Amino acid sequence: MSQHLILVTNDDGVHAPGIHALYEAVSSLGEAVIVAPERDNSAVSHSLTMNRPLRVVQLERHIHTIDGTPTDCVTIAINKILRRKPDLLVSGINPGANLGDDISYSGTVSAAIEGTMYSIPSLAFSLGGNPPFDFEVTAAVAWKLASMALAMHLPPNSLLNINIPPLAAGEIRGIRFTRQGRRIYRDAIQETFDPWGRKHYWIGGGVAHWSGGDDTDAEAMRNGYISVTPIQLDLTNHAGLAYLERQWQM
C-alpha cells in the first residue's frame, strides 16, 4: 500500500510558525508537502487569482510557495505540483480562532473548502487566544484528528473547522462537535486621517458579541473544549427553499 500523501497549506504564509508545526505533526502520517502563499493572506476568503499569472518557487524538497491566495495554492498543488491527488489536506495552524461568521472571511478555512471541492478530506486548524502563540498542543491535536480523518470518512461534502483553546494539554476539557455560531463586531471600523487631512477607514478590531446557543463553536471554546464543526459545501437553505416553494406562489 502506498504512503499517504498530505497537502499542508495556510493563509499566513509559507514562513509562518503555525504551518511548520502542522507539517511536523502530520509528517509521521505520510508524505507531507507544503504549498503555501509567499506572504500573509489572512481574511482573503475563497478568492482565486485570475488577473495575472502565478509563480511557484520550490524552497525545499517538500516546501513550495506561490505568490497567490490559499485557494490558488490548493488548486495549483493538486493539479500541477503533487504527483497525485492527496489523501488529506490540512490547513493552518492559524494564530487566532476562526469561529462563527469568521469562516466566511477565513483563508485558512477557504483552503479546506477548496480541498473539499476536489473530494479531498480537509481539515482547518486554528488556535485561539492572543500572541505569543504556542503551537505544541494544537500540533498534537492536529496529529490525532488527521490520523482519524485518514482512517475514517468525513461527512459527505464537508470539511472540519477545528478550533483549539489556548490551554495546556491537561487543561483542555475534551472535544465537542459543534455548529457554527454567530459573531457580530461592534466598533470594528476605525476612522483615521492621512498627513493631508483626508479621512480613511480601517477595518479591524472591535468588540465581538456572540449568539447561537450552548452547542456552538464559540461556546465550546469559551468552556475550554476543542471545537470540531463540520462545514458543508452546499450553502442552500433547505428550510428557506421549502418556505419559498410553499409561500411565494408566482
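The figures that follow rest on heavy atoms only: side chains count, while hydrogens, waters and symmetry mates do not. Computed from a predicted structure; not experimentally measured. The first residue of the sequence shown is numbered 1, and numbering continues consecutively from there.
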Is any side-chain heavy atom of His15 closer than 4.5 Å to a side-chain heavy atom of Leu59?
->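 They are in side-chain contact.
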Test side chain to side chain donor-acceptor pair (under 3.5 Å) applied to Thr229 and Thr178, step by step | CA-CA 5 Å; Thr229 306; Thr178 58; 2.6 Å; yes
Please name the pair of heavy atoms, one in Ser91 and one in Ala111, separated by the smallest distance, quoted to 0.1 Å.
->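 Reported closest heavy-atom pair: OG-CB, 3.7 Å.
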Are Val137 and Ile162 in one and the same hydrophobic cluster, where Ile, Leu, Val, Met, Phe, Trp and Tyr link if side-chain heavy atoms are under 4.5 Å apart?
->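 Yes, it is one cluster - the side chains of Val137 and Ile162 are joined through contacts under 4.5 Å.
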Taking everything shown except Tyr105 itself, do over 12 heavy atoms lie less than 6.0 Å from its OH?
->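 Not more than 12 within 6.0 Å, no.
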Between CD1 on residue Ile113 and NE2 on residue His46, distance to nearest 0.5 Å =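 Rounded to the nearest 0.5 Å, the CD1-NE2 separation comes out at 6.0 Å.
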Is atom CZ of Arg61 surrounded by more than 12 heavy atoms (other residues, nucleotides or ligands) closer than 6.0 Å?
->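 No, CZ of Arg61 has 12 or fewer neighbouring heavy atoms, counting only those of other groups under 6.0 Å.
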Straight-line distance of Ser106 OG to Asn41 CG, nearest 0.5 Å |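 One finds 11.5 Å between OG of Ser106 and CG of Asn41.
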Residues, nucleotides or ligands: over 12 heavy atoms within 6.0 Å of Lys144 NZ |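 Open: at most 12 neighbouring heavy atoms sit under 6.0 Å from NZ of Lys144.
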Cys73 and Ala36: which non-hydrogen atoms are nearest, and at how many Å?
->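 Heavy atoms of Cys73 and Ala36 come nearest at SG-C, 3.4 Å.
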Search all heavy atoms of Leu22 against all heavy atoms of Phe125 and return the closest pair with its distance.
->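 Looking at all heavy atoms of both residues, the shortest contact is CD1-CD1, 4.1 Å.
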Considering residues, nucleotides and ligands other than Asp40, do more than 12 of their heavy atoms fall under 6.0 Å from its CG?
->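 Above 12, so yes.
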Reported CD1-to-CZ distance for the pair Ile226 and Phe177, which is rounded to 0.5 angstrom |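 So the CD1 of Ile226 and the CZ of Phe177 are separated by 10.0 Å.
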Connected via hydrophobic side-chain network under 4.5 Å: Leu29 and Val8 |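 Yes, because Leu29 and Val8 connect within a single hydrophobic cluster, where side-chain heavy atoms sit under 4.5 Å apart.
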Do Leu154 and Leu123 come within less than 4.5 Å of each other through their side chains, counting heavy atoms only?
->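 With C-beta onward as the side chain, the pair touches.
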Is the shortest heavy-atom distance from the side chain of Asn237 to the side chain of Tyr243 under 4.5 Å?
->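 The answer is no; the side chains never approach within 4.5 Å.
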Hydrophobic cluster identity match, Ile175 and Met221, side-chain contacts under 4.5 Å =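 No; Met221 is not reachable from Ile175 via cluster members.
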Are more than 12 heavy atoms from other residues, nucleotides or ligands located less than 6.0 Å from atom NE2 of His153?
->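 12 or below, so no.
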Cluster overlap Val109 with Leu127, hydrophobic side-chain contacts below 4.5 Å =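 Val109 does not cluster with Leu127.
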Minimal non-hydrogen separation, Gly100 against Gln180, with atom names |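 Heavy atoms of Gly100 and Gln180 come nearest at O-NE2, 3.0 Å.
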Just do the side chain to side chain contact (heavy atoms under 4.5 Å, CB included) check on His62 and Ile34 with the steps written out, would you?
-> CA-CA 6 Å; His62 286 121; Ile34 291 177; over 6 Å; no
If you round to the nearest 0.5 Å, how far is OG of Ser110 from CG of Leu48?
->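 So the gap between those two atoms works out to 11.0 Å.
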Is a side-chain donor or acceptor of Asp194 paired with a backbone partner of Trp196 at a separation under 3.5 angstrom?
->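 Side chain of Asp194 to backbone of Trp196: a pair is present.
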Straight-line distance of Ile76 CD1 to Leu82 CG, nearest 0.5 Å |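 That separation rounds to 11.5 Å.
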Does Gln247 CD have over 12 foreign heavy atoms under 6.0 Å away?
->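 Enclosed: over 12 neighbouring heavy atoms sit under 6.0 Å from CD of Gln247.
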Leu88 and Val26, any side-chain heavy atoms less than 4.5 Å apart =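 Val26 vs Leu88: side chains apart.
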So, for Tyr201 and Glu191, which heavy atoms are closest and what is the spacing to 0.1 Å?
->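 Here Tyr201 and Glu191 meet closest at CE2-CG, 3.5 Å.
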Asp72 and Ser47, any side-chain heavy atoms less than 4.5 Å apart =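 The answer is no, as the side chains (C-beta and beyond) never meet within the 4.5 Å cut-off.
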Would you say the side chain of Asp12 lies within less than 4.5 Å of the side chain of Pro95, judging by non-hydrogen atoms?
->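 Touching, per the 4.5 Å side-chain cut-off.
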Does a salt bridge link Arg55 with Glu38, judged by any charged N lying under 4.0 Å from a carboxylate O?
->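 A salt bridge links Arg55 with Glu38.
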Would you say Ile120 and Leu7 make side-chain contact, with heavy atoms under 4.5 Å?
->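 A side-chain contact is absent here, since even the closest heavy-atom pair is not under 4.5 Å.
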Under a 4.5 Å cut-off applied to non-hydrogen side-chain atoms, are Asp11 and Ser42 in contact?
->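 Yes, their side chains come closer than 4.5 Å.
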Spacing of CZ belonging to Arg222 relative to CG belonging to Leu99, to within rounding of 0.5 Å |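 Reported value, rounded in 0.5 Å steps: 9.5 Å.
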Is Leu89 linked to Leu233 within one hydrophobic cluster, defined over Ile, Leu, Val, Met, Phe, Trp and Tyr using a side-chain heavy-atom separation of less than 4.5 Å?
->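 No, because Leu89 and Leu233 fall into different hydrophobic clusters, even though each may have its own neighbours under 4.5 Å.
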What closest approach, in Å, do Ile19 and Thr9 show between heavy atoms, and which atom pair accounts for it?
->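 In this case the closest contact between Ile19 and Thr9 is CD1-C, 3.7 Å.
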Evaluate the criterion side chain to side chain contact (heavy atoms under 4.5 Å, CB included) for residue pair Asn157 and Asp234; output intermediate values, then yes/no.
-> CA-CA 8 Å; Asn157 298 313; Asp234 181 3; over 6 Å; no
